[in-house]
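Step one of this worksheet: look at the structure below.
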Amino acid sequence: MSEIRLDISKYFREDGYVNYDELSKVKDSMIFALVGQKVVEETMPKEGVDFQFKIRAKVPLREGEKRVKSTLSICPECRSLIRAVVFERDGAIYIRKVCPDHGEVEEVYWSDAEFFYKKSKESYDGHGVSNPFVDLVNPCPYNCGLCARHKSHTALLNLVITNRCHLSCWYCFFYAEAAGYIYEPTLDHIRFMMESARSMEPVPAMALQITGGEPTLREDLVDIVKMAKELGFIHVQLNTTGINFVGRPEYLRELREAGVNTLYMSFDGVTPYTNPKNHWEVPFIFDAARKAGMGIVLVPTVIRTVNDHEVAQMLYFALKHNDVVRGLNYQPVSLVGRMPKHERQRLRITIPDVVKLVEEGTNGEVLMDHWFSVPFTAPISEFVELVTGEHQFKMTNHFACGVATYIFQDQKTGKITPLPKFMDVESFAEYIKELNEYMRKGGSRKMALMKLLSKIPSFIDRKYVPEQLRKRGRIYKMFFDIFVRHDYSSLGKFHLNTLYVGMMHFQDEYNYDVARIQRCDIHYVGPDGRIMPFCTYNVMPEMYRDRLIKRYSMSLKEYLRRTGLKSLSQERYKRNIKKLESDPLYRQTYEGFWDPDSISYEEKKRISIKFGIPVVE
């Protein structure tokens, strides 16, 4: 082992950081693995340096409060492990925690207690990984990962391929110019990271999200996508603003042909006030995606007092463009970073709040009862697992992390119908659980499948079935394909006939619950090969994200020298509002949602520049 360490010494600088000039020449995954092992040893959070145990302080309950559970959390100030209690008060769920040095912190957890209790019944713990990446040396969340304590395998793997971006959004500290360094792993390094995620057992990572920075800035992105498909990822999505496709629509076609299934695209509202990031570009991104045969998932970050008034409009906008928009995934804001309580109260919004806004904005067409937590689907995966005898992909994150539903729109009348309105989803799930128990006790797998297929019609109320699903028994064929063929193409056809609407509320220092971390199934793969939960990677960047990425980076000065650029501002996007608005496609896309003539050109310029995007003519 000492000889191997001598062999890899040239890949480290005197300050302990990776010598990426040398590592960038490496082709052998074994070298990346050995370098990664040393980085893990040196960067794993350390007690007394990065965190402390401060769990002696008791967390009080006060009059009118009902304990839901005790848990562990982190102090927003010192990041130490502290006790917390989740409790009900005045019809809402809160989390309270006490640090002996920094005092008490209280935060809303879910704003509707009844909805919380109902969704908690849908909990389902997974089995994690049988080949953990790290030894148990620290308590959760200072031991990522994944470790033997983790209860979920990877549902979606995030792979950061650059921290460069052509925007300089005022709230972002991750992009290269603010960070002061460039992180951009080589193709061989990326292959090592992908292989690490694909090596997980018993279920390897199957779905990949390529992210950044802005990943479309990499000219070898097509090669990265091809590599992902070659290594066995069945779903590849690209996390992007989409702006680069406005001037280069052929780039999107190349990515689709290479294997990208979905654009996971930032979209914070239907007006320039709520979505200054890419409001003017959205119509042209949609057009390029249509021509390329690419589906889009719109991803609004929902912030109280900022864009929550447009929650329902975003849904109708997605439905209007359902030929290209496959999903809408609301993300209630994660208030990462130190923030006073009054400011958190002004901005904080939770999953039940957004669900209620959808219900109000659709005049009750989409009700609270139409939403189900993510682990609700796990028994269905277990059914397929028991029938086939093979380990299956399961989504087993904490029930409080997210909810979702499916919405169908009548192609003639425009009327929307959520899936639970014409299908008794709860009874269907309970029957699935009965069949799972039957098979676990030795019952015939073939008989269980036959029972399910014969029972499915009893869960469907035909008078509410959308018109497009009535023809030729299409709805029954759809379920037959899913449960008999249980393949990716069957699920893909299902998504083509509906709009997926989801919500995922990532944690921050204030509402942090270690129980949620242990069940997280949205992960990052680090440059050292580790797999880390989203809410440790991003909520504690000084221990995970920034610490790792900086260690594998090159200086900004070195990057500029290599590229011949004088400044990263030369890569920055500049917006031509007049040119974009002059195309009829712009007005057609926003018709019924936004009137471009309602504000002056000067006001539009002000909106764009204030956000951080310069305007040219």
Side-chain angles (χ1 to χ4, degrees), residues 24 26-30 32-33 36 129 133 146 153-164 183-242 244-245 248 250-265 289 292-297 299 326-327 329 392-393 395 487-489 491-492 495 521-532 534 537 548-549 552:
S24 64
V26 169
K27 303 290 184 185
D28 187 354
S29 287
M30 180 60 71
F32 288 113
V129 293
F133 286 77
L146 296 175
H153 65 246
T154 302
L156 178 66
L157 181 77
N158 284 277
L159 171 66
V160 178
I161 63 169
T162 184
N163 69 335
R164 286 190 297 132
Y183 170 77
E184 203 148 293
T186 63
L187 285 175
D188 291 295
H189 192 174
I190 288 171
R191 176 179 289 274
F192 158 72
M193 289 188 273
M194 289 185 185
E195 288 173 343
S196 181
R198 290 289 296 158
S199 72
M200 285 188 284
E201 297 175 354
V203 180
M206 297 181 182
L208 176 70
Q209 176 165 276
I210 300 173
T211 186
E214 175 50 56
T216 61
L217 290 179
R218 283 194 63 147
E219 292 299 325
D220 57 359
L221 180 55
V222 168
D223 295 324
I224 294 170
V225 174
K226 288 179 179 178
M227 184 190 300
K229 302 302 284 190
E230 171 198 327
L231 290 174
F233 287 97
I234 60 174
H235 179 87
V236 177
Q237 64 187 40
L238 188 64
N239 186 8
T240 178
T241 65
N244 268 347
F245 302 128
R248 295 178 61 191
E250 72 284 353
Y251 188 18
L252 188 55
R253 191 179 310 111
E254 291 172 16
L255 288 167
R256 180 70 188 100
E257 291 171 355
V260 174
N261 304 90
T262 305
L263 292 187
Y264 198 69
M265 193 176 88
M294 179 83 78
I296 295 175
V297 174
V299 189
R326 305 282 183 247
N329 199 25
Q392 296 294 317
F393 172 94
M395 293 186 287
D487 61 10
Y488 181 73
S489 61
L491 291 172
H495 281 86
D521 62 8
I522 300 179
H523 301 153
Y524 279 83
V525 57
D528 56 359
R530 267 189 290 173
I531 311 296
M532 292 159 282
F534 187 104
Y537 186 84
L548 270 175
I549 283 180
Y552 280 85

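Position 1 is the first residue of the sequence; numbering continues from there.
With a 4.5 Å cut-off on side-chain heavy atoms, Ile234 and Phe393 do not count as touching. Annotation: side chain of Arg326 is not in contact with side chain of Thr262 (no heavy-atom distance under 4.5 Å). Residues Val297 and Leu263 are not in side-chain contact: their nearest non-hydrogen atoms beyond the backbone lie 4.5 Å or more apart.
Scanning all heavy atoms of the two residues, the minimum distance from Gly529 to Ser196 falls at O-OG, 2.7 Å. Heavy atoms only, all atoms of each residue included: Asp188 and Val26 are closest at CB-O, 3.5 Å. What you find for Val203 and Met206 is that their closest heavy atoms are CG1-CE, 3.8 Å. Of all the heavy atoms in Ile531 and His523, the pair that sits closest is CG2-CB, 3.6 Å. The two residues Met532 and Leu548 make their nearest non-hydrogen contact at CE-CD1, 3.6 Å. Residues His189 and Pro527 share a closest heavy-atom pair of NE2-O, 2.8 Å.
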Problem set entry | side-chain contact (heavy atoms from CB on, under 4.5 Å) between Leu252 and Met294, intermediate numbers included | CA-CA 8 Å; Leu252 188 55; Met294 179 83 78; 3.6 Å; yes
Exercise. Does the pair Asn261 and Phe233 meet the rule for a side-chain contact (heavy atoms from CB on, under 4.5 Å), with working shown?
Worked result: CA-CA 11 Å; Asn261 304 90; Phe233 287 97; over 6 Å; no
Exercise. Please walk me through it: do Leu217 and Glu184 pass side-chain contact (heavy atoms from CB on, under 4.5 Å)?
Worked result: CA-CA 11 Å; Leu217 290 179; Glu184 203 148 293; over 6 Å; no
For this session: Walk me through it: do Met194 and Ile224 pass the test side-chain contact (heavy atoms from CB on, under 4.5 Å)?
Result: CA-CA 10 Å; Met194 289 185 185; Ile224 294 170; 3.8 Å; yes
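Residue Arg248 holds its CZ atom at 12.0 Å from CZ of Arg253, rounded to the nearest 0.5 Å. In this structure, Gln237 CD and Leu157 CG are separated by 11.0 Å, a value rounded to the nearest 0.5 Å. Between the OG1 atom of Thr216 and the CD1 atom of Ile210 there is a distance of 11.5 Å, given to the nearest 0.5 Å. Atom CG of Leu255 and atom NZ of Lys226 lie 10.0 Å apart (nearest 0.5 Å). Distance check: Glu250 CD to Phe245 CZ gives 10.5 Å after rounding to the nearest 0.5 Å. Here the CD1-CE distance, from Ile190 to Met227, works out to 6.5 Å after rounding to the nearest 0.5 Å.
The side-chain contact (heavy atoms from CB on, under 4.5 Å) with Leu238 is formed by just one residue from the set Thr211, Leu221, Val225; it is Leu221. Here the options are Thr162, Thr240, Asn239, the test is side-chain hydrogen bond (donor to acceptor under 3.5 Å, both in side chains), and the partner is Glu214; only Thr240 passes.
Within a 6.0 Å sphere centred on NZ of Lys229, other residues, nucleotides and ligands contribute more than 12 heavy atoms.
Contact check on Glu219 versus Arg164 returns no salt bridge, with no Lys/Arg side-chain nitrogen under 4.0 Å from an Asp/Glu carboxylate oxygen.
Using modelled atom types, one side-chain atom of Asn163 and one backbone atom of Tyr183 make a donor-acceptor pair closer than 3.5 Å.
The aromatic rings of Phe32 and Phe192 lie parallel to each other, their planes meeting at an angle below 30°, with 60° marking the opposite boundary.
Applying the salt bridge (charged side-chain N to carboxylate O under 4.0 Å, His left out) test to pairs two or more places apart or on separate chains, those with a residue in residues 522-532 are Asp528-Arg530. For residues 191-206, the set of pairs meeting the salt bridge (charged side-chain N to carboxylate O under 4.0 Å, His left out) definition, not counting sequence neighbours, comprises Arg191-Glu230.
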